[in-house]
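Just so you know, these numbers come straight off a predicted model, no measurement behind them.
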Amino acid sequence: MASKSVFQMSRATLETPSIINLASFSPARTRQLHAHIVKTGLLIDHSLSSKLLSLYANHRCFSEASIFLNSLDEPSSSSFSIIINAFSKFNLFGNVVDLFRKMLSEGVVLDSYLLPAVAKACAGLSAFRLGRQVHGLAQVSGCSSDVVVQSSLVHMYVKCRRLGIAHKVLDGIPEPDVVTYSAIIAGYARNGDVGMAKRLTNDMGKLGLEPNLVSWNGLIAGFNQSGRYLEAIYVFLDMHLRGCQPDGSSFSSVLAAIADLDVLHAGVQVHGYVIKRGFACDKWVVSSLIDMYGKYACVSEMKQVFHEMGCMEIGACNALVSALSRNGLVNDGLVMFSQMREQGMDLNVVSWTSMIACCSQNGKDVEALELFAEMQLAGVVPNAVTIPCLLPACGNTAALMHGKAAHCYSIRRQIVNDVFVGSALTDMYAKCGKISHSKLCFDAMPTRNPVSWNAIIGGYAMHGQDKEALEMFDLMLKSGQKPNSVTFTCLLSACNQKGLVDEGWRYFNSMYKEYGVEARTEHYACMVSLLSRVGKLEEAYSLIKEMPMEPDACVWGALLSSCRTYKNLQLGEIASERLFKLEPRNPGNYVLLSNIYASKSMWVDVNRVRNLMKETGLKKNPGCSWIEIKNKVHMLLAGDRTHPQMAQINRKLETLGKEMKKAGLDPKIDYVLQDVEEQDKEQMLCGHSEKLAVAFGLLNTPAGFPLHVIKNLRICGDCHAVIKFISGIEGREIFVRDTNRFHHFKDGECSCGDYW
DNA sequence: GTAGGGTTAG
């Protein structure tokens, strides 16, 4: 019968749909049936209309389903129920609520078959107030004694984190089943209330209810969500000992717990168990395995797990992208992402966000911003995780317009109150030179975590507003928030900028004694820089000798710079000897030492250092010749034909072209790009080359970046001049945060921090 | 015809 066209069926057949095999109807055939009914004016009985509705709904043909629903004279509650349940099945929670509201407004009586779907939608939307109203409606309409309705309400309250109410509803159920019980137990576990979770588990046992797979899994997940990873692993073991075989859900949860502890051996054991139980190709398990191996820096293992799965699955691909990013393999991440796109995979918000995070966390800021634009073109909606991943890229390039757009978007999407979004906005505005905006964002945050406080303290420190930075720290303590390692780095750098030696020592000494935060290399580097900046070179050197860890190049570099300032040869030699070992290919170190010798007219030693540089294979300092820099800048500018100030630039270029010819340089655009790209990579990443690369990077950024920040730059005279020049020719505002202070360049002038 | 567990992004 099913093979026959609808049009060939007799009226009698269609009026007795029970004999037609409707289950095999395709969407097209369903539309045919619908058309036939409309055309012939067939008498539609309740059974036929229900079947047509469920055919449409299960094929996700919701517009057809609602057209049909609207065509019914008096749609019953069960007709609404069919579509509402289908919406819920496909997680279309907003649609569930809308249709439910419509149904109520039409005065249709409630039935207990659709309430669970509505409760599930409230849970999915975390809409507690709406859920409570639904509960009230269930009571008024007499549906609240239905055990499935009660159970669904328990789940709803647990998901909305209202455990007290959930518990009360549970107490009202005469014979709750295992899963309803387990929902509350998992809820308590998720809130970190281990005692209550255990007590209820005992209560459940007394009632003769044995936990089943779903309840075990819920409990493991609950402990994971409250960060109690060890408890989660114990539950997994308990489950195993009590003879319940884990499934993909149990494995993926326990692996996630293992990933956040330092127990790789346990992870390897579970991996073995996964293989034995035949879950090595389960998409959830594979994602967790990749993530776990990624967190333990087992790069080849994570790749192997991925390849052994043998197919491109979105979750596993996303996990691989973030695992590659975590291990600094940005280019591999980008390759993976482009493969995903080439294969036409349906990239979701996690895919895009992972890739954006991968770029912004690994110095590819412009790429991160471009990806964000592409994401929106692809129609994928950014969420409360995407924005904090994107904002550092805006801050690092001082792309204030993009940052502001992201801010507006967060307000529109109502995610601006998210603690991660707020902290990232505070940080972004500070890095874009807008400290007042930064403070406004910080003040507007309803809740704050240490990251939020660090953002504002670090922001003030960056802007040289030491008083405000220290005040914010006091407020942080008063609010009951504990400072962490980063907080002290921000505070010490604020002290460092202003030469506040006493305060610096006070914070440095108190960090462990009062707050239990151990001093790390960067804290020592700040102190060494602070002490040597004010001329206390011996004190700085004593501190270095006291360090419990090996001092790094930042520490020795801070000392060496001040040795040049104070012409201290003895310590300068000690510091540079260490630096030549730590970063042999940084020309800056050689230059600093030779400067000290030169200041004492020790020309033999100056030559010795220059020869040492040559022996190391370092060419002459690429940042030394002003004419070269000027020419390179202009050749780069000439490459951007769409630049709004092209005419002005061209005029300047004409003049400079003459100068270039005089200097014997080839005025080709490629010259600079090749020069930067083909340089020895190591050399490129250090010293003057880095500064130049950053300066050129400014000019390579696309339109829409009127403001720029260069960070963590020990600024040299040439670099300063280049930036000053760029700001003049382009009318851009440029901020440079060097290790000591904030420089603001505008219209070819430097308005603060200009010490040349 | 109705409820119930998981992974990957900060």
Side-chain angles (χ1 to χ4, degrees), chain A residues 50-51 53-54 57-58 77-79 81-86 88-89 111-120 123 143 146-156 158-159 173 176-186 211-222 224-225 232 246-257 259 279 282-292 294 313-323 325-326 348-358 360-361 382-392 418-421 423-424 449 451:
Chain A
S50 296
K51 284 198 169 150
L53 273 178
S54 36
N58 286 313
S77 114
S78 63
S79 305
S81 171
I82 289 164
I83 307 182
I84 286 178
N85 280 314
S88 163
K89 183 172 139 190
D111 80 39
S112 61
Y113 289 119
L114 60 79
L115 279 171
V118 181
K120 182 185 165 187
C143 299
D146 182 290
V147 68
V148 180
V149 172
Q150 285 172 318
S151 183
S152 69
L153 288 168
V154 170
H155 283 101
M156 183 271 293
V158 172
K159 279 266 163 72
I173 306 179
D177 63 359
V178 182
V179 180
T180 312
Y181 238 109
S182 303
I184 299 221
I185 297 174
N212 64 13
L213 190 58
V214 173
S215 58
W216 282 118
N217 290 345
L219 196 54
I220 301 174
N224 262 359
Q225 283 156 12
D247 70 350
S249 165
S250 344
F251 280 128
S252 54
S253 294
V254 79
L255 286 166
F279 284 94
D282 180 293
K283 60 178 185 177
W284 301 93
V285 179
V286 170
S287 303
S288 297
L289 276 170
I290 293 171
D291 183 59
M292 180 197 75
E313 193 278 322
I314 189 76
C317 291
N318 293 346
L320 188 61
V321 167
S322 72
S325 160
R326 201 184 297 281
N348 58 26
V349 64
V350 179
S351 325
W352 287 99
T353 307
S354 308
M355 201 58 242
I356 291 170
C358 177
S360 69
Q361 287 161 7
N383 65 15
V385 182
T386 318
I387 301 302
C389 290
L390 174 77
L391 285 171
D418 181 279
V419 66
F420 288 101
V421 173
S423 309
N449 65 12
V451 179

Classify the nucleic acid contact of [X] as base, sugar-phosphate or nothing, counting any heavy atom under 4.0 Å across all strands shown.
X	result
A:Ser81	base
A:Ala316	nothing
A:Ser252	base
A:Lys159	sugar-phosphate
A:Ala221	sugar-phosphate
A:Ser50	nothing
A:Leu213	base
A:Gln225	sugar-phosphate
A:Ser253	sugar-phosphate

* What are the two closest non-hydrogen atoms of A:Ser152 and A:Ala119, and how far apart are they? ->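 Scanning both residues, the minimum pair turns out to be OG-CB, 3.8 Å.
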Set of side chain to side chain contact (heavy atoms under 4.5 Å, CB included) partners for [X], sequence neighbours left out:
X	answer
A:Asp247	A:Leu213, A:Asn217, A:Ser249, A:Ser250, A:Phe279
A:Val178	A:Ser182, A:Met204, A:Leu209, A:Asn212, A:Ser215
A:Pro388	A:Phe420, A:Val421, A:Ala424

* **For A:Trp216, ring-ring contact (aromatic ring centres under 6.0 Å, His included) partners two or more places apart** =>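 With neighbours one apart ignored, the set is empty.
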* **Boundaries of the chain A footprint along DNA chain B (any atom under 4.0 Å from a heavy atom)** =>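 Both ends considered, the range comes out as B:dG1 to B:dG10.
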* Check side chain to side chain donor-acceptor pair (under 3.5 Å) between A:Ser423 and all other residues, then give those that pass, not counting sequence neighbours. => A:Ser452
